[in-house]
**Q** 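Would you mind keeping the following structure in view while I ask a few things?
All ligand and atom numbering here is 1-based and tracks the order in the structure. Worth knowing before you read on, the calculation uses all heavy atoms, side chains too, and leaves out hydrogens, waters and symmetry mates.
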Amino acid sequence: MSEQRQEAGSSAPRRVVVAGAGMAGVQTAVALREQGFTGSVQLIGAEPHQPYDRPPLSKAVLLGKSEGSAFDVDFEALGIELRLGCEVTGLRPGDHELDTEDGPVPYDVLVVATGAEPVRLPGAEGVPGVHLLRTLDDAERLRPVLARRHDIVVVGAGWIGAEFATAAREAGCAVTVVEAAERPLAGALPAEVAAPMAGWYADAGAALRTHARVERVEPGAVLLDDGTRLPAGAVVVGIGARPATAWLAGSGTELGAHGEIVADEHLRTSVPDVYAVGDCASFPSGGTASACWCTTGTTPSRGRGPSP
Ligand SMILES: Cc1cc2nc3c(=O)[nH]c(=O)nc-3n(C[C@H](O)[C@H](O)[C@H](O)COP(=O)(O)OP(=O)(O)OC[C@H]3O[C@@H](n4cnc5c(N)ncnc54)[C@H](O)[C@@H]3O)c2cc1C
């Protein structure tokens with residue numbers, strides 16, 4: 001962590017700021033303490049909730065079997081300062097400062113862990129009954145939708161689509177999944193690996209329509225480009241995610257083609273004293289990049305690589 005500063009001949013960093021309070025940010029902050037770092041550690045997150053794990057959102061939390069999925073971490077005891085509900089809006093490396101909604105925050109070392117945000121379906125934003133599933137708030141909004149046992153159309157047969165469809169079927173909803181590609185997970189996995197996954201939908205009792213492109217979403221219906229009109233009490237869009245890095249614009253941080261932060265094998269970014277971890281970063285790992293951000297057809301999806 002202190003390599004860059006020490007190389008420059010200055011003392012070890014005393015203030016580490018972690019931007020993003022998801023899995024990667026929390027693990028980073030905890031690991032610093034576990035490895036004996038005694039300087040200040042500040043964890044800044046845009047969401048107002050106690051930091052939580054996302055995988056249960058599409059499973060137990062969605063089905064109401066669990067109220068939340070907060071990490072079991074005593075931040076106070078670890079001496080980690082949490083700033084929640086605070087969006088980071090910019091980085092000024094020359095000043096060693098972050099800009100946030102609450103004003104500037106100085107750092108000696110910055111770790112960027114702002115993760116990813118879901119890709120929106122063009123034209124569907126603001127249409128009543130259209131949902132995403134990335135955050136705890138999203139899952140809480142979807143719970144009553146499941147309870148009402150609507151006819152639900154899921155756009156995208158990726159991981160989120162598969163998990164949501166399974167949960168919605170379990171809750172007794174009629175589910176149709178529309179996928180622009182010829183098969184589920186086309187952007188993420190080779191055909192032979194993904195082939196059995198088409199069976200998930202049949203097993204769950206969800207209708208899967210491949211080669212199905214959404215033309216338009218309107219209140220109560222999804223229209224496909226072949227003229228099919230699917231009734232939809234609710235629509236869940238799961239067409240991939242993109243690194244949440246727009247706030248780094250103008251900072252000089254090198255980004256890849258999909259906005260991912262380009263880091264080296266030590267997770268160092270192109271900017272001195274700035275590191276990147278988690279879904280927002282791409283770094284070399286065993287000869288490949290850890291996160292391959294790719295797009296196939298209209299269903300962009302993130303290749304799942306090893307976590308840092
Ligand atoms: C519903 C769901 C189910 C999943 N299930 C699985 C699974 O079963 N297995 C699996 O391997 N993976 C799963 N994943 C993926 C997994 O959750 C992610 O890989 C993981 O959350 C990545 O962690 P992260 O900390 O890098 O990013 P994130 O979890 O995205 O956390 C980033 C945090 O940074 C915050 N942030 C973003 N921008 C800013 C800003 N400008 N200022 C301040 N804060 C900001 C965000 O609010 C967020 O809390 C699932 C994801 C979802 C959404």
**Q** Using the test ring-ring contact (aromatic ring centres under 6.0 Å, His included), find all partners of Tyr201 that sit at least two apart in sequence or belong to another chain.
**A** none
**Q** Look at ligand 1 and say whether Glu163 reaches it with a heavy atom at a distance under 4.0 Å.
**A** yes
**Q** Relative to the heavy atoms of Gly278, which atoms of ligand 1 are at a distance of less than 4.0 Å?
**A** 26 (O)
**Q** From atom 24 (P) of ligand 1, work out which of Pro48, Pro243, Ala24 has a heavy atom at the shortest distance.
**A** Ala24
**Q** Does any N/O atom on Met23 come nearer than 3.5 Å to any N/O atom on ligand 1?
**A** yes
**Q** Please state which part of Arg83 comes within less than 4.0 Å of ligand 1, counting heavy atoms only: side chain, backbone, both or neither.
**A** neither
**Q** For atom 37 (C) of ligand 1, which candidate among Leu136, Thr245, Thr114 holds the nearest heavy atom?
**A** Thr114
**Q** Are Leu223 and Val130 in one and the same hydrophobic cluster, where Ile, Leu, Val, Met, Phe, Trp and Tyr link if side-chain heavy atoms are under 4.5 Å apart?
**A** no
**Q** Taking CD in Glu76 as the centre, count heavy atoms belonging to other residues, nucleotides or ligands within less than 6.0 Å. Is the count above 12?
**A** no
**Q** Please identify which atoms of ligand 1 are closer than 4.0 Å to at least one heavy atom of Glu47.
**A** 46 (C), 47 (O), 48 (C), 49 (O)
**Q** Side chain or backbone of Asp53 under 4.0 Å from ligand 1, or both, or neither, by non-hydrogen atoms?
**A** neither
**Q** Heavy atoms only, cut-off 4.0 Å: how does Cys280 contact ligand 1, side chain, backbone, both, or neither?
**A** neither
**Q** Could you tell me if any non-hydrogen atom of Ala116 lies under 4.0 Å from any atom of ligand 1?
**A** yes
**Q** Take Ser58 and Glu163 through the test side chain to side chain donor-acceptor pair (under 3.5 Å) and record every step on the way to the result.
**A** CA-CA 6 Å; Ser58 50; Glu163 291 183 353; 2.5 Å; yes
**Q** Kindly compute the distance separating CZ (Arg54) from OG1 (Thr135), expressed to the nearest 0.5 Å.
**A** 7.0 Å
**Q** What about Val88: any of its N or O atoms under 3.5 Å from an N or O on ligand 1?
**A** yes
**Q** How far apart are the closest heavy atoms of Gly129 and His131, and which atoms are they?
**A** O-CD2, 3.2 Å
**Q** Say whether Ser58, considering both its backbone and side-chain N or O atoms, lies within less than 3.5 Å of an N or O atom on ligand 1.
**A** no
**Q** Does any pair with a residue in residues 244-253 pass side-chain hydrogen bond (donor to acceptor under 3.5 Å, both in side chains), and if so which ones, sequence neighbours excluded?
**A** Thr114-Trp247, Ser251-Thr253
**Q** Between Cys86 and ligand 1, which residue portion shows a heavy-atom distance shorter than 4.0 Å: side chain, backbone, both, or neither?
**A** backbone
**Q** Is any N or O atom of Ala46, backbone or side chain, closer than 3.5 Å to an N or O atom of ligand 1?
**A** yes
**Q** CD/Glu215 to CG/Asp226 distance, rounded to the nearest 0.5 angstrom?
**A** 9.5 Å
**Q** Using a 4.0 Å cut-off to any heavy atom of Gly22, which atoms of ligand 1 qualify?
**A** 25 (O), 31 (O), 33 (C)
**Q** Does even one non-hydrogen atom of Glu117 get within less than 4.0 Å of ligand 1?
**A** no
**Q** Can you tell me if Arg149 has over 12 outside heavy atoms packed within less than 6.0 Å of its CZ?
**A** no
**Q** Determine yes or no for a side-chain-to-main-chain donor-acceptor pair under 3.5 angstrom, with Asp108 supplying the side chain and Arg14 the backbone.
**A** yes
